[in-house]
Amino acid sequence: MADNSVFWYTDMIISPLIMLILALLPLLTLIVISLWKGFQLGVTAGVVVSLLVYWYWSGDVVVLGALGVHSLLLTLSIVLIILAALFLNSVLQRNGLFQSLEQSVEHIHPSRDLRFFI
């Protein structure tokens, strides 16, 4: 009886490689189809491929729903941060405080590039 223990390393190398390809497949699909056919079709194809890869890894419907709610809440928090920044910018420009802020920063350092990071 032949001992196949010599080939133990092939499963360790191929399995992570296949998993890496499957993990990158939705992103690659999104990029390629967005450049080829348009952004909306690329996003749709990326979502479909993501769901197929998720089901391939025997995903659970409850976990998928929880991930959807989690993603929605994270997106909402980012949108609220952006809206707060736009509101602050609007208030500063309306009251003329943005110009006084720029003038006070000009006294810190003469280089405009360095003032950008301050």
Side-chain angles (χ1 to χ4, degrees):
M1 188 167 175
D3 184 21
N4 290 335
S5 63
V6 178
F7 300 108
W8 63 270
Y9 64 89
T10 56
D11 289 337
M12 293 179 63
I13 293 172
I14 292 174
S15 180
L17 183 62
I18 290 173
M19 291 177 77
L20 177 67
I21 291 170
L22 284 175
L24 291 176
L25 192 60
L27 181 63
L28 294 175
T29 303
L30 171 70
I31 292 171
V32 169
I33 294 182
S34 291
L35 292 174
W36 183 39
K37 290 287 187 178
F39 184 71
Q40 187 174 7
L41 187 62
V43 169
T44 305
V47 168
V48 169
V49 170
S50 296
L51 289 173
L52 290 175
V53 169
Y54 182 76
W55 295 123
Y56 175 77
W57 270 321
S58 66
D60 189 13
V61 176
V62 175
V63 175
L64 184 63
L67 288 172
V69 170
H70 178 71
S71 299
L72 182 67
L73 291 175
L74 284 177
T75 303
L76 183 64
S77 67
I78 292 171
V79 167
L80 288 175
I81 290 170
I82 292 171
L83 287 175
L86 289 173
F87 176 71
L88 179 63
N89 185 20
S90 171
V91 168
L92 287 176
Q93 284 185 351
R94 185 171 296 153
N95 294 331
L97 298 174
F98 199 73
Q99 287 77 18
S100 66
L101 183 64
E102 283 180 347
Q103 291 172 356
S104 64
V105 171
E106 284 177 2
H107 296 294
I108 295 175
H109 198 274
S111 173
R112 184 175 181 163
D113 296 331
L114 187 60
R115 284 193 313 247
F116 173 76
F117 292 107
I118 295 174

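Computed over heavy atoms, backbone and side chain alike; hydrogens, waters and symmetry mates excluded.
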* To do: Look at the side chain of S34 and the backbone N and O of I31, then say whether any donor-acceptor pair between them is shorter than 3.5 Å.
  =>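 No, the answer is negative, given that no donor and acceptor are paired below the 3.5 Å cut-off.
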* Side-chain donor/acceptor of T75 to backbone N/O of S71, under 3.5 Å ->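 It does hold such a pair.
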Least distance between heavy atoms, [X] atom then [Y] atom:
{"X": "A45", "Y": "I33", "result": "CB-CD1, 3.5 Å"}
{"X": "G46", "Y": "T29", "result": "N-CG2, 4.3 Å"}
{"X": "L64", "Y": "Y54", "result": "N-OH, 3.3 Å"}

Pairwise distance [atom1]([X]) to [atom2]([Y]) - rounded to 0.5 angstrom:
{"X": "I78", "Y": "L73", "atom1": "CD1", "atom2": "CG", "answer": "11.5 Å"}
{"X": "L92", "Y": "S100", "atom1": "CG", "atom2": "OG", "answer": "8.0 Å"}
{"X": "L22", "Y": "L17", "atom1": "CG", "atom2": "CG", "answer": "10.0 Å"}
{"X": "L30", "Y": "T44", "atom1": "CG", "atom2": "OG1", "answer": "10.0 Å"}
{"X": "S77", "Y": "L72", "atom1": "OG", "atom2": "CG", "answer": "10.0 Å"}

Would you say [Y] ends up clustered with [X] if hydrophobic residues are merged whenever their side chains have heavy atoms under 4.5 Å apart, either directly or through other cluster members?
{"X": "L83", "Y": "L88", "value": "no"}
{"X": "I81", "Y": "V79", "value": "no"}
{"X": "V53", "Y": "V61", "value": "no"}
{"X": "L76", "Y": "V69", "value": "no"}
{"X": "L27", "Y": "L35", "value": "yes"}

* To do: Take W55 and L51, measure what side chain to side chain contact (heavy atoms under 4.5 Å, CB included) needs, and give me the verdict at the end.
  => CA-CA 6 Å; W55 295 123; L51 289 173; 4.3 Å; yes
